[in-house]
Amino acid sequence: MKTRLKTSCGQSMVETIILLPLMLILLAGGWWAFQNLSLSDAAESAAHVHLLRTGRNLSPITSELSKTIHPGENTVRLNGENSSFFKGIPFFNNLLGNTVASADVSCQKEQVGAFIDLPDHNLGRKAEAAVDCWGKSSRSGSSIKNTISAVVAVGAIK
C-alpha cells in the first residue's frame with residue numbers, strides 16, 4: 001500500500017503574498033527613520049559650526065554646510081546672529097557675546113515603490129552659546145578698546 005503525503009501547494013505562496021508587503025513597509029519605515037536621524041544629527045552639527053563661525057566673525061560657509069546636510073537645492077537654511085550680553089548698561093550696549101544659530105532642513109516626500117509615500121523631513125535645530133568674539137577685528141573688541149582708552153584718558157586728565 002502506498003501512502004500519499006499531503007502537500008500544501010499554495011500555502012507558501014499565500015504566506016509570501018501576505019508577509020512581503022508588510023516586510024517592505026517595515027523596511028521603508030526603518031529607512032525613513034534612519035534618514036531622519038541622520039539629517040537631524042547633521043543639522044545639529046551644522047548649527048554648532050555656524051554658531052562658532054558667526055560668533056567669531058569668520059566668513060560664512062553656509063553653502064558648504066548646507067551641502068553636507070543635504071545635496072538638494074533650497075532644502076537647508078542656516079541663520080546666525082550675535083546679540084549683546086549687556087543690553088541695559090550704557091557703555092556696553094554693543095558688546096556682543098551671545099550667539100544664536102539655527103539650521104532648518106526641509107526635504108519633500110519621497111515615494112518608495114508604487115504605493116508607499118513617506119512623510120516629509122522637516123527639522124529645526126538651534127544652538128545658542130557665548131562665543132569668544134572679542135578679538136581685535138570684531139566690533140566688540142574695538143568697543144572694549146575704545147571704552148578702556150576713554151577710561152584711561154579720563155583718568156589721565158584727572
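Predicted, not measured: the structure shown is a model, and the values here were computed from it. Atoms considered below: every heavy atom in the structure, side chains included; atoms not considered: hydrogens, waters and symmetry mates.
One finds the OG1 atom of Thr16 at 11.5 Å from the CE atom of Met23 (value rounded to the nearest 0.5 Å). With values rounded to the nearest 0.5 angstrom, Lys126 atom NZ is found 10.0 Å from Asn79 atom CG.
Residues passing the side chain to side chain donor-acceptor pair (under 3.5 Å) test with Glu64, sequence neighbours excluded: none. Ser63 meets the side chain to side chain donor-acceptor pair (under 3.5 Å) test with no other residue; sequence neighbours excluded.
Counting heavy atoms from C-beta on, the side chains of Ser106 and Thr75 never come closer than 4.5 Å. A 4.5 Å side-chain heavy-atom check between Ser102 and Arg77 finds every atom pair outside the cut-off.
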Show me the donor-acceptor pairs within less than 3.5 Å that the side chains of residues 36-52 make with the rest of the protein, sequence neighbours left out.
unit_1	atom_1	unit_2	atom_2	d
Asn36	OD1	His121	ND1	3.2
Ser40	OG	Arg125	NE	3.2
Ser40	OG	Arg125	NH2	2.6
Ser45	OG	Asp41	O	3.2

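Each of Ile61, Ile69, Thr62 was compared with Leu65 under the side-chain contact (heavy atoms from CB on, under 4.5 Å) criterion, and only Ile61 meets it.
No path of Ile, Leu, Val, Met, Phe, Trp and Tyr side chains, each step under 4.5 Å between heavy atoms, connects Val100 with Leu78, placing them in separate hydrophobic clusters.
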